[in-house]
2 protein chains.
Amino acid sequence: MDQRVKKKATIYDLSVLSGSSPSTVSAVLNGTWRKRRIKESTAQTILGLAELHQYTTNLQARGLRRSRSGLVGLMLPVHDNRYFSSMAQTFEGHVRSRGQCPVVVSASRDPEEERRTAETLISYSIDQLFIVGATDPDGVHEVCEPAGLRHINIDLPGAKAHSVISDNYEGARMLTKAIIRRFGNDDPLRPDELFLFGGRNDHASRERIAAFHATKKALLGADPEDGVQSSGYSPDITLRAFEAFYQRHGKLPRALFINSSINMEGLLRFMAGRPAEMFSELVVGCYDYDPFGSFLPFPVIMVRQNVEAMITKAFELIDNPTTTPQTFLIAPELVQPRSALKGPLDTLKDIA
Amino acid sequence: MDQRVKKKATIYDLSVLSGSSPSTVSAVLNGTWRKRRIKESTAQTILGLAELHQYTTNLQARGLRRSRSGLVGLMLPVHDNRYFSSMAQTFEGHVRSRGQCPVVVSASRDPEEERRTAETLISYSIDQLFIVGATDPDGVHEVCEPAGLRHINIDLPGAKAHSVISDNYEGARMLTKAIIRRFGNDDPLRPDELFLFGGRNDHASRERIAAFHATKKALLGADPEDGVQSSGYSPDITLRAFEAFYQRHGKLPRALFINSSINMEGLLRFMAGRPAEMFSELVVGCYDYDPFGSFLPFPVIMVRQNVEAMITKAFELIDNPTTTPQTFLIAPELVQPRSALKGPLDTLKDIA
DNA sequence: AGTTTCTGCACCATCGATTGTGCAAGCGAA
DNA sequence: TTCGCTTGCACAATCGATGGTGCAGAAACT
């Protein structure tokens with residue numbers, strides 16, 4: 001054999017070398033050999049040869065035959081965000097510990113892309129799909145269902161498959177309350193001094209906005225209609241929302257409820273180039289946790305969604321396929337300003 | 001057929017339905033039919049049937065036959081970090097625009113895990129592998145090489161395959177200089193007031209530390225030996241390093257060079273629970289960019305590695321396989337405090 | 001010795017798509 | 001009419017692993 005690109009050893013090669021049949025080799029290598037009553041010594045011989053020739057199973061062939069692949073998919077809206085990246089990190093740990101191979105892809109919150117991505121993954125016979133923050137979870141379901149692919153929604157719920165999501169209402173209630181309480185009694189917050197930025201017409205935003213309204217009303221007695229500035233999940237649109245607000249009022253509100261860390265980046269863009277003092281009195285609540293975000297020069301109260309619990313619950317549900325789709329709420333956690341919480345990375349072994 | 005889990009249509013099904021042979025169906029569906037002189041009308045019939053029955057290619061079967069998969073792998077140390085997650089985001093865009101399917105996995109900076117992960121990916125016949133920040137790039141190479149898998153190192157170089165990395169020396173030089181210059185002439189920084197935290201024995205750390213030493217020496221005239229506190233890539237170890245330092249000196253240095261955003265999180269942990277005033281005079285340089293990190297309550301000068309350029313260069317190299325392995329340096333960019341830069345997410349279309 | 005029961009393994013179809021090759025029918029030219 | 005070329009497609013081997021089935025030889029039993 002040429003040293004370059006020597007073909008990988010197959011069970012047929014080992015079959016010839018060992019004098020056993022391919023099926024015997026296969027059984028030995030995939031661990032079913034006791035069930036097939038292969039002699040211990042035969043097995044050892046084959047395992048030895050496999051080691052020697054660096055045999056590794058061609059997983060495409062196995063996948064083709066078994067019509068599953070050992071791959072478990074995670075579909076994210078985007079990678080570049082601490083909420084979703086911690087989701088990926090946590091997911092990886094779980095999948096790895098089950099001896100499967102995690103595959104993480106993103107679909108940009110584009111319903112079409114979401115479906116295409118699911119289809120591609122299905123073509124590789126992935127075993128399960130975790131759908132995170134999909135814009136159109138039910139559209140993805142329509143793709144998974146006929147293929148018999150087990151799937152589950154996380155973060156944003158769908159009607160046709162189980163969903164595990166944050167308790168957005170409760171989280172937003174806590175957050176709104178914490179923002180309001182942050183102001184003392186001598187100079188309490190007025191209803192028209194607290195605005196929500198971000199959010200669009202998805203389940204999470206709706207819940208959060210509802211809780212925001214209700215809590216404002218309950219604690220501040222009133223809630224002016226224009227208290228919400230929708231700006232989707234885009235830093236730039238959020239920036240423009242802040243600029244527009246600033247244009248109109250000549251200042252920012254005293255307090256902000258920001259719908260996600262992505263919108264929070266819009267606030268950063270607004271801050272860039274403006275004097276820091278402009279923000280020294282600001283109080284911000286952000287629905288999402290980012291360790292750096294927690295230490296900004298003004299108090300930032302954050303909500304950390306319990307990613308670990310969500311993923312755990314999702315695995316539980318996907319393993320015991322039940323009947324009618326349900327949505328499960330996972331309680332998030334309020335994070336006081338200047339908190340550096342442990343994350344999924346802390347599970348990895350530290351090396352100095 | 002049962003409505004549940006109806007098997008997916010195959011070329012054989014379409015072959016029966018259309019009255020053509022499987023090979024003809026295959027050719028039509030994979031686009032090689034003109035080359036095979038299939039009649040236009042035959043093709044149209046088959047395409048119609050494919051549409052009707054929602055045919056999708058079984059990519060495992062194709063992969064088995066062609067011994068490639070259309071998958072392109074990205075192996076990261078970890079997901080949960082803005083540097084690496086922006087890498088993933090950028091990578092996805094590139095791969096998608098080439099009509100292939102990106103898969104992102106992490107290997108926890110564990111050489112053994114890195115090799116195992118590469119092996120798994122190889123078993124799925126991925127077409128190319130981008131190895132980011134590997135602890136043992138050459139170990140991964142040893143796995144890829146015999147399999148004939150094209151691969152390239154990013155962020156941390158290897159000796160046996162092309163590498164695309166940040167110009168760490170130059171970046172660290174700029175950063176060190178910027179930190180020092182940050183102090184006015186009336187109260188200039190002394191050599192024993194600037195410390196480096198983080199880093200371990202990898203190429204990037206060594207370069208940065210060398211530049212740190214050299215620049216300190218050049219600009220401050222001296223460089224005490226104990227100016228570097230190695231603490232790997234772990235927030236917790238970094239936290240302990242800060243605590244130990246604080247224990248010994250009763251205060252932090254006036255200025256810090258922090259080797260990565262992960263170490264920066266160690267600083268956050270140190271800050272948590274301590275009064276903000278303790279850090280009001282601090283000046284920090286961080287080798288990595290995080291938008292939130294840029295707005296901390298003290299000046300944080302950051303270095304943004306040019307992820308887009310690195311990925312672009314990597315694709316260029318992996319497409320034109322040349323001879324002897326080389327390392328290519330990509331210039332990073334100094335980011336002034338309170339900057340909110342655009343990132344890979346800004347490429348996505350905004351939806352409000 | 002003859003029959004049953006294990007042992008230990010080989011045989012072979014199969015998963016779905018790809019691709020080199022072969023060949024019949026159609027057509028124009030000689 | 002016959003030769004030769006083109007058109008349009010079918011055939012069959014192949015990628016590597018899996019798992020149901022069958023069968024020879026040894027052991028156990030009557």
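So that the names make sense, note that chain A is the first sequence line, chain B the second, and so on, each numbered from 1.
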### Leu59(A) CG - dC15(D) C1' separation (whole Å)
14 Å
### Query
In B/S/- notation, 5' to 3', how is nucleotides 6-11 of chain D contacted by protein heavy atoms closer than 4.0 Å?
-BBBBB
### Task
Give the rounded distance in Å between these two atoms: CZ of Arg34(A) and P of dT7(C).
14 Å
### Query
Can you check whether Tyr55(A) has a side-chain N or O nearer than 4.0 Å to OP1 or OP2 of dA17(D)?
yes
### Query
Do the charged groups of Glu119(A) and Arg115(A) touch, with an N to O distance under 4.0 Å?
no
### Task
Using only heavy-atom distances, decide whether a donor-acceptor pair under 3.5 angstrom links the side-chain of Arg65(B) to the base of dT14(D).
yes
### Task
Indicate whether the side chain of Ser86(A) and that of Asp80(B) have a donor and an acceptor atom separated by less than 3.5 Å.
no
### Task
Indicate whether the side chain of Asp110(B) and that of Ser108(B) have a donor and an acceptor atom separated by less than 3.5 Å.
no
### Message
Just N and O in the side chain of Arg66(A): are any of them under 4.0 Å from OP1 or OP2 of dG19(D)?
### Response
yes
### Task
State, without any angle test, whether Glu308(B) and His94(B) hold a side-chain donor-acceptor pair at a distance under 3.5 Å.
yes
### Task
Please state whether the rings of Phe315(A) and Phe130(A) are parallel, tilted or perpendicular, taking 30° and 60° as the class boundaries.
tilted
### Message
In this structure, how many angstroms lie between the C1' atom of dC15(C) and the CZ atom of Arg68(A), rounded?
### Response
13 Å
### Message
What is the distance, to the nearest angstrom, from the NZ atom on Lys35(A) to the P atom on dC9(C)?
### Response
17 Å
### Query
Once you round it to whole Å, what is the distance between C1' of dT19(C) and CD1 of Ile11(B)?
11 Å
### Query
To the nearest angstrom, how far is Tyr12(A) atom OH from dC15(D) atom P?
9 Å
#### Entry: Side-chain N or O of Tyr124(A) closer than 4.0 Å to phosphate OP1/OP2 of dG16(C)
no
### Query
With a 4.0 Å cut-off on heavy atoms, is Ser26(B) in touch with a base, just the backbone sugar-phosphate, or nothing at all?
base
### Query
Hey, are Arg109(B) and Asp136(B) close enough for a salt bridge, meaning a charged N less than 4.0 Å from a carboxylate O?
no
### Query
Rounding to a whole Å, what distance do you find between Leu64(A):CG and dA13(C):C1'?
13 Å
### Task
May I have the distance from Asp13(A) (atom CG) to dA17(D) (atom C1'), rounded to whole angstrom?
13 Å
### Query
With respect to the phosphate group of dT18(C), does any side-chain polar atom (N or O) of Asn30(B) fall under 4.0 Å of OP1 or OP2?
yes
### Query
Going by atom types only, do His79(A) and Glu92(B) share a side-chain donor-acceptor pair under 3.5 Å?
yes
